[in-house]
Amino acid sequence: MILQKLKTFFESKLSVAILFALFFVFNILDLFYINLILASLFILFTFVFCDDVTNFFAPILVISFLIKPVGFKEYYLWYFICALVVLIAFVAFIIKRIIKKDCSIKKGKMFWPLMICFFAFLIGGIIGHFKAINSLYVLGICFVLYVCYFIAVNFCKNLKDKMFFILLLSGILICLCFMVSCIKTGDFISAVLFRYVTVVGAQNINVASLFILLGMVASFYMAEKFKKFDYLFYALAVVICASVVTTFCRGSIFIAIIAFLTLTIILFIKSKHKWQLGIITIAVVAILGISILAGNNLINGVIDTLITKIKTGSDGREELWPWCFNKFKQNWAFGIGFISEEPVPTVASNMVLAHNTILQWLTSLGVFGSLLISVFYYGKYKQLFKGVNKNRFFVVFLILVIAVSGVFDQAAAMDVFTSIVVLIMLATVEEENQQPSVAEKIDAVDRDLESELKIVDAEETKNDATEKKETNINLNEA
């Protein structure tokens, strides 16, 4: 009984909500190692007690926003121990499921495209820029990506609904952590307007901004799913969209505004609560207008800062992009890999972050690697758009949002956690394809009815024969 209750709890959305609430509390207190332990224990218990391990992805996707940056070497032991606990729990879970033989293990439709993609990663910079330690790092990233995809296609149920719920809570959590960091500077308004906070946990503000944006898309998904409360989720989406603006990541802001307007129009068309949606929209516009006219420091400051930032142009890309292109021309065959031997312009480390997906692959992988990785993209979009229907709209929309962000940012190509989100969303398509269509369900019902009718007919025939036989016997006796 206790084990069943634990299983039900750790498979529930409530457990994720409680976990994220604890994450936020300990983040305020700067107890990052407690969050690390909590994440590890949550994953451990999920693997021990659960059959559906979708909630495994909840701490995985947000943990990088809750820990210290990689440069803090004194915390490496914490990272190693927690990673080891997660790895042991995963291996034990796989062994248990194989021994029980209660599921068929699938490698997934994206297996071969991923293997080709990983091979492209490994040959990046192989001529003239090869370093064993860098290859081991890349191999580790590839392992993590495939493990997450493997778990998604084999051991998760109702994956799409749960993932959008996790993304919504992730966006809210990251937004709150960003706001808390601004408050801790002692001057919240200045911290926002002058970008005192450029990292959230170990993640760059651009990646944080993208995840908040994904939370906004997830809020619209919830509005579509829970139509009775769609106006409440719309109000939440407004708040999340506004928080994207406060990060001053221009690419994310542009995409957020386009996505918000698009999804708002669709929601207004389909919703039965047009009055409520209209009132919320009018209230938001009125508050903005009054704040601007009243000279509100924060609102006016955000607008002025945003205009100034737009006028600054490419924000360092005018230096970064030519550097990347020159490196590609000098190493056109296999690129220079993901770690440069010299400083990368406008980037704090030697990691090659081209802030453009196509330029990233050309610089890091060269022509041959880019051709190989195009196979992955072909498989990705073939899987995504094959048999596309209205039920897949938000999955397609979310993946396209990430892809478009790759025009001016690095997260779509180089952030591990963003890649995990994409692979999980592709796994939701596989889960959807495994479920019978409406027509197939009707056919199945018809077959069941036919079988039941045949059984009834057979029983009636048998009864008739029995009655006839008994009648004959009675006549003979008479």
Side chains of Glu319 and Thr346: do they bring a donor and an acceptor to under 3.5 Å? no
More than 12 heavy atoms of other residues, nucleotides or ligands under 6.0 Å from CZ of Phe188: yes or no? yes
Does a side-chain heavy-atom distance below 4.5 Å link Ile151 with Phe93? no
Do Val396 and Leu384 make a side-chain contact, defined as non-hydrogen atoms from C-beta onward lying under 4.5 Å apart? yes
I'd like to know whether Phe42 forms a ring pair (Phe, Tyr, Trp, His ring centres under 6.0 Å) with Phe10, so could you lay out the CA-CA distance, the side-chain angles of the two residues, the decisive distance to 0.1 Å, and finally the verdict. CA-CA 8 Å; Phe42 185 87; Phe10 282 104; 5.7 Å; yes
Donor-acceptor under 3.5 Å (Tyr146 side chain, Leu114 main chain): no
Please check if atom NZ in Lys131 has more than 12 non-hydrogen atoms from other residues, nucleotides or ligands closer than 6.0 Å. no
Please report the closest heavy-atom contact between Phe220 and Ala237, naming both atoms and the distance. CE1-CB, 3.6 Å
Hey, can you pull the donor-acceptor pairs under 3.5 Å for the side chains in residues 259-266, sequence neighbours left out?
unit_1, atom_1, unit_2, atom_2, d
Thr262, OG1, Ile258, O, 2.8
Thr264, OG1, Phe260, O, 2.6

So, Trp361 side chain and Gly366 main chain: donor-acceptor pair closer than 3.5 Å or not? no
For the residue pair Asn433 and Arg392, establish whether any side-chain heavy-atom pair is separated by less than 4.5 Å. yes
Any idea which heavy atoms bring Cys156 and Asp52 closest together, and the distance? CA-OD1, 3.4 Å
Backbone N or O of Asp409 within a donor-acceptor pair of the Asn206 side chain at under 3.5 Å? no
Is the NZ atom of Lys109 crowded by more than 12 outside heavy atoms at less than 6.0 Å? no
Going through the distances and angles, do Asp415 and Gln203 end up as a side chain to side chain donor-acceptor pair (under 3.5 Å)? CA-CA 9 Å; Asp415 181 68; Gln203 284 282 23; 2.9 Å; yes
Salt bridge Lys184-Asp30, side-chain N to carboxylate O under 4.0 Å: yes
Can you name the nearest heavy-atom pair linking Ser209 to Val244, along with the distance? OG-CG1, 3.7 Å
Any donor-acceptor pair under 3.5 Å from Glu224 side chain to Phe394 backbone: no
Could you name each residue pair satisfying salt bridge (charged side-chain N to carboxylate O under 4.0 Å, His left out) that touches residues 187-196, not counting sequence neighbours? none
Does the side chain of Phe47 come within less than 4.5 Å of Phe90's, by heavy atoms? yes
Distance alone, cut at 3.5 Å: any donor-acceptor contact between the side chains of Ser340 and Asn350? no
For Gln383 and Tyr378, which I'm curious about, is there any donor-acceptor pair between the side chains at under 3.5 Å? no
Min side-chain heavy-atom separation Leu44-Val86 under 4.5 Å: no
With a 6.0 Å cut-off on ring centres, are Phe397 and Phe393 close enough? yes
Taking the six-membered ring where the residue is Trp, are the ring centres of Phe211 and Phe417 under 6.0 Å apart? no
Could you please spell out the steps behind the ring pair (Phe, Tyr, Trp, His ring centres under 6.0 Å) verdict for Phe233 and Phe229? CA-CA 7 Å; Phe233 286 108; Phe229 305 102; 7.7 Å; no
Side chains of Leu168 and Met222 in contact at under 4.5 Å (non-hydrogen atoms): yes
Hey, are the side chains of Val367 and Phe334 touching, using non-hydrogen atoms and a 4.5 Å cut-off? no
Evaluate the criterion salt bridge (Lys or Arg N to Asp or Glu O under 4.0 Å) for residue pair Glu11 and Lys162; output intermediate values, then yes/no. CA-CA 10 Å; Glu11 287 183 351; Lys162 288 185 177 179; 5.6 Å; no
Ignoring hydrogens, what is the shortest heavy-atom contact between Val347 and Met351? Give both atom names and the distance. CG1-O, 3.6 Å
Tell me, yes or no, whether the heavy-atom count around Ile133 atom CD1, taken from other residues, nucleotides or ligands under 6.0 Å, exceeds 12. no
Does Phe155 form a side-chain contact (heavy atoms from CB on, under 4.5 Å) with Phe56? I'd like the steps, not just the answer. CA-CA 10 Å; Phe155 309 114; Phe56 157 79; over 6 Å; no
Are Tyr221 and Met163 packed together at the side-chain level, in the sense that at least one heavy-atom pair is separated by less than 4.5 angstrom? no
Heavy-atom pair with the smallest gap, counting every atom of Ser243 and Ile240: OG-O, 2.5 Å
Can you say whether the rings of Phe121 and Phe118 are parallel (under 30°), tilted (30 to 60°) or perpendicular (over 60°)? tilted
For the pair Asn27 (side chain) and Phe23 (backbone), establish whether a donor and an acceptor sit closer than 3.5 Å, ignoring hydrogens and angles. no
Can a donor-acceptor pair be found between the side chains of Thr281 and Tyr234 at a distance below 3.5 Å? yes
Can Glu342 and Lys327 be counted as an ion pair, charged N to O under 4.0 angstrom? yes
So, the side chain of Ser219 versus the backbone of Met216: is there a donor-acceptor pair under 3.5 Å, distance only? no
Would you list the pairs meeting salt bridge (charged side-chain N to carboxylate O under 4.0 Å, His left out) in which at least one residue belongs to residues 145-160, sequence neighbours left out? none
For the side-chain contact (heavy atoms from CB on, under 4.5 Å) test, which of Leu84, Val91, Val85 pairs with Ile88? Leu84
If you count every heavy atom of other residues, nucleotides or ligands that lies below 6.0 Å from Ile358 atom CD1, does the total exceed 12? no
Quick check on side-chain contact (heavy atoms from CB on, under 4.5 Å): which of Thr54, Val395, Ile60, Leu159 does Ile424 satisfy it with? Leu159
Could you go through the side-chain contact (heavy atoms from CB on, under 4.5 Å) check for Asn35 and Ile67 one step at a time? CA-CA 8 Å; Asn35 278 335; Ile67 61 175; over 6 Å; no
Quick one: sort the Phe328 and Phe325 rings into parallel, tilted or perpendicular, breaks at 30° and 60°. tilted
Cys82 and Ser40: which non-hydrogen atoms are nearest, and at how many Å? CB-OG, 3.0 Å
Evaluate Leu122 against Leu139 for side-chain contact (heavy atoms from CB on, under 4.5 Å), listing each step before the verdict. CA-CA 7 Å; Leu122 289 170; Leu139 196 61; 4.0 Å; yes
Can you establish whether the number of heavy atoms outside Phe268 located under 6.0 Å from its atom CZ is more than 12? yes
Donor-acceptor side-chain pairing of Gln410 and Asn204 below 3.5 angstrom: no
Taking atom CZ of Phe150 as the centre, does the number of heavy atoms from other residues, nucleotides or ligands within less than 6.0 Å exceed 12? yes
Checking Asp230 against Ser271 for the side chain to side chain donor-acceptor pair (under 3.5 Å) test, could you report, in this order, the C-alpha distance in whole Å, the side-chain angles of both residues, the deciding distance, and whether it holds? CA-CA 7 Å; Asp230 57 3; Ser271 176; 2.5 Å; yes
Go through Met414 and Phe338 one step at a time and tell me if the side-chain contact (heavy atoms from CB on, under 4.5 Å) criterion holds. CA-CA 9 Å; Met414 292 294 288; Phe338 295 105; 3.6 Å; yes
So, does His355 use its side chain to make a donor-acceptor pair with the main chain of Leu353 at under 3.5 Å? yes
